[in-house]
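None of the values given here were measured: they were computed from a predicted structure. One is the number of the first residue; the rest follow in order along the sequence.
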Amino acid sequence: MKKRILISDIAKDLGISVTTVSFILNDKAKEKRISDGLTKRVLDHVKKVGYKPNQLAKSLRTGKTKILGLLVEDISNPFFSNIAKLIEGKAYASGYHIIYCSMDNDETKSKELIQMFYDRQIDGFIITPSEGLDETITQLQQNNVSLILFDRYLANVETNYVITDNFKGAYDATDHLIGQGFKRVGFVSLYSDQTQMRDRLEGYMKGIDKYKKQAFIKKVQQDAPEEERVREIDEFIEDNRLDAVVFATNYLAIDGLKAVKIYQRKLPAMVAFDDHTLFKLYEPSITVVSQPIAEIADELITALLGQIQGKNKKLKQVVLPCELKVRESSLISAN
C-alpha cells in the first residue's frame, strides 16, 4: 500500500494554502476567483502524485457515500448473481459501488442487514424482500431513503419495484405442457406468501382451469434438508402419476432432477421458472420460463439513481414480460 497523499501534501508541494487546494478539488475555483493557471497547476500535480480523495471525509461533507446496497434472497442463485453483476457494472459506470449480501428469506437476518446498511448511510437500497419486512420498508421510506424492490413486492406497501409477469410466465408454462398433450400436470412450489410465488401458483391454476384438468400442487419448506425436499418431490410425482411438472423456481427443478437420479425414475416432462446453466447441459435440455435479466438490472439501477438524484418523484412500478424457452424436456415427442 502506498502512503496516502493528503491535501496538505499537495499544498506544501506547490506552496499554496490547503483551502485553495480544497476549493479547486471541489470545483469551486471560479466561484472563489482562483486563476485558470493555478487551477491547472494544482490539477496537474494531483494527477502526477496520484491523489485520491478521502471518501469518508467526502461523504461526511456531501452526505453521499456513493455506495448502494443490494440485498437479495441468495447471491449464489444464478438469477440473482447475474443481476448483481449487471447492476454492479451499471452502478460503477455512474460513479457508485455496490455492496451486496444474501438474506436467505430470513426475516430477522433481513432486518439486521438492512439496519446495518442504513447505519452506514448508503445512498440507496435494492432489495428482494423476505416476508415480514413491511414495517422496515415503510420506515425507510418515511426516512426518505431511496429504495426499490425487485423480483417481488410487498402487497401492503406502496413502493417502487421492478418485477416480471410471474402469473403469465407460469400460465404459459402450464398451457404449453397441456397443449403438448400431457394429462396430469403438477406444480411444485414453496410454503410462501411472497407475491412472486402466489402469482406463479395462480398462473398455473388458470392454465389448469382453461383445460378443465385436475390440479396437483406440492409445497415444500425452503429451509428443509435437501434430502427431505427431494424425497417429497419424488413422492408427489409418483403418488399422483404425474406426466409433467411446473417447478416454481430453478432450485426446486434441480431438486426434481436429483429425485429422478436418486430414485431412478423416468423424468416427467418439466418446465422450470428461471434458467440455470445446468438446464442447457442436462439431457434432455430443460424448458424454462426465462426472466429478462438485463432489462431488470437496467430498470433497477436507472430508477434508483433517478431517486437519489431527485429526478424520479413519482412511484415507479415496472412489470416486465417473461419468455418461455422451449427445450426438449417439455416436448411430448421427447417423452
Side-chain angles (χ1 to χ4, degrees), residues 68-85 87 98-118 125-141 147-157 159-164 166-167 169-170 187-204 217-233 236 246-256 258 272-276 278 288-289 291 293 296-297 300 322:
L68 307 176
L70 176 62
L71 294 87
V72 301
E73 177 182 311
D74 178 7
I75 197 65
S76 70
N77 186 306
F79 171 70
F80 293 114
S81 60
N82 287 335
I83 285 180
K85 183 174 180 60
I87 287 175
I98 297 282
I99 50 175
Y100 43 79
C101 60
S102 301
M103 300 191 295
D104 301 320
N105 269 332
D106 183 305
E107 180 182 343
T108 301
K109 182 178 180 181
S110 299
K111 289 178 178 178
E112 289 176 353
L113 289 169
I114 290 173
Q115 184 65 53
M116 181 187 74
F117 281 28
Y118 179 75
F125 286 86
I126 300 174
I127 302 174
T128 57
S130 57
E131 294 176 43
L133 290 188
D134 295 47
E135 184 178 346
T136 300
I137 298 300
T138 299
Q139 288 176 346
L140 287 176
Q141 292 187 134
L147 69 90
I148 188 164
L149 309 182
F150 84 104
D151 187 55
R152 65 205 68 163
Y153 59 94
L154 299 174
N156 299 317
V157 181
T159 189
N160 302 283
Y161 61 72
V162 176
I163 61 171
T164 55
N166 293 286
F167 177 89
F187 184 77
V188 177
S189 187
L190 302 171
Y191 284 106
S192 172
D193 288 328
Q194 292 173 351
T195 54
Q196 86 282 14
M197 291 300 165
R198 185 182 66 207
D199 290 347
R200 292 172 193 179
L201 175 58
E202 290 178 356
Y204 162 77
I217 299 168
K218 173 65 179 177
K219 293 185 178 182
V220 298
Q221 290 284 0
Q222 184 176 12
D223 58 357
E226 179 186 299
E227 59 271 20
E228 182 179 323
R229 298 195 313 267
V230 169
R231 177 179 52 78
E232 288 185 12
I233 290 172
F236 170 63
V246 177
F247 290 91
T249 71
N250 54 14
Y251 51 85
L252 286 174
I254 291 173
D255 284 344
K258 290 176 181 176
F273 211 107
D274 286 337
D275 210 342
H276 193 289
L278 170 67
V288 298
V289 177
Q291 301 191 70
I293 290 175
I296 293 171
L300 285 169
C322 296

- prompt: Would Glu232 and Arg229 count as a side-chain contact (heavy atoms from CB on, under 4.5 Å) if you check the C-alpha gap in whole Å, the side-chain angles of each, and the deciding distance to 0.1 Å?
  reply: CA-CA 5 Å; Glu232 288 185 12; Arg229 298 195 313 267; 5.9 Å; no
Main-chain N/O of Tyr153 paired with Thr195 side-chain donor or acceptor, under 3.5 Å: yes
message: Using side-chain contact (heavy atoms from CB on, under 4.5 Å), reason through Val220 and Lys218 one step at a time and then give a plain yes or no.
response: CA-CA 7 Å; Val220 298; Lys218 173 65 179 177; 3.9 Å; yes
- prompt: Any sub-3.5 Å donor-acceptor pair from Asn77's side-chain atoms to Phe79's backbone N or O?
  reply: yes
query: Tell me, do Pro129 and Leu149 make a side-chain contact under 4.5 Å, heavy atoms counted?
result: yes
- prompt: Going through the checks in order, is the side-chain contact (heavy atoms from CB on, under 4.5 Å) test met by Val246 and Phe273?
  reply: CA-CA 8 Å; Val246 177; Phe273 211 107; 5.9 Å; no
- request: Establish, from distance only, whether the side-chain atoms of Gln115 and Gln139 form a donor-acceptor pair under 3.5 Å.
  value: no
field: Closest contact, heavy atoms only, Gln196 versus Asp151
entry: CB-O, 3.4 Å
- line: So CG of Asp223 and OH of Tyr191: to nearest 0.5 Å the spacing works out to 12.0 Å
Note, Phe125 side chain near Leu68 side chain (heavy atom, < 4.5 Å): no
message: Quick one, Asp74 with Asn105, criterion side-chain contact (heavy atoms from CB on, under 4.5 Å). Give me CA distance, side-chain angles, the key distance, then yes/no.
response: CA-CA 8 Å; Asp74 178 7; Asn105 269 332; over 6 Å; no
- prompt: Which of parallel (below 30°), tilted (30 to 60°) and perpendicular (above 60°) describes Phe80 and Phe150?
  reply: perpendicular
task: Report the distance from atom NZ of Lys85 to atom CD1 of Ile83, rounding to the nearest 0.5 Å.
output: 14.0 Å
query: Between the side chain of Lys111 and the main-chain N/O of Asp106, is any donor-acceptor distance below 3.5 Å?
result: no
statement: Nearest heavy-atom approach of Gly169 to Val289 is O-CG2, 3.5 Å
- line: Residues Val157 and Gln141: closest non-hydrogen pair is CG1-NE2, 3.7 Å
message: Would you compute the distance between atom CD1 of Ile163 and atom CG of Asp199 and round it to the nearest 0.5 angstrom?
response: 6.5 Å
query: Considering only heavy atoms from C-beta outward, does the side chain of Leu278 approach that of Ile254 to under 4.5 Å?
result: yes
- prompt: Just wondering, do Thr159 and Leu154 contact through their side chains at under 4.5 Å, heavy atoms?
  reply: no
query: Do you know which of Arg198, Glu131, Arg152, Lys219 makes side-chain hydrogen bond (donor to acceptor under 3.5 Å, both in side chains) with Ser192?
result: Glu131
message: Quick check: do Asp274 and Thr249 have side-chain heavy atoms less than 4.5 Å from each other?
response: no
- line: Looking only at heavy atoms, the pair that brings Ile99 and Phe117 closest together is O-CE2, 3.8 Å
task: Output the distance between atom CG (Leu113) and atom NZ (Lys109), rounded to the nearest 0.5 Å.
output: 6.0 Å
- request: Indicate yes or no for a side-chain donor-acceptor contact from Thr164 to the backbone of Gln291 under 3.5 Å, with no hydrogens or angles considered.
  value: no
field: Point-to-point distance, once rounded to the nearest 0.5 Å, from CG of Leu71 to CD1 of Ile127
entry: 5.5 Å
- request: Indicate yes or no: at least one non-hydrogen side-chain atom of Tyr204 is less than 4.5 angstrom from one of Ile217.
  value: yes
statement: Closest non-hydrogen atoms of Glu73 and Tyr251, given as atom of the first, atom of the second and distance, are OE2-OH, 3.3 Å
query: Going by atom types only, do Glu202 and Asn166 share a side-chain donor-acceptor pair under 3.5 Å?
result: no
task: Scan side-chain atoms only and decide if Ser102 and Asp104 contain a donor-acceptor pair under the 3.5 Å cut-off.
output: no
- request: Report yes if some heavy atom in the side chain of Phe247 is under 4.5 Å from a heavy atom in the side chain of Ile233; otherwise report no.
  value: yes
- prompt: If you measure from CD1 on Ile87 to CG on Asn82, what distance do you get to the nearest 0.5 Å?
  reply: 11.0 Å
- request: Kindly give the heavy-atom pair with the smallest separation between Arg200 and Ala170, and that separation in Å.
  value: O-CB, 3.1 Å
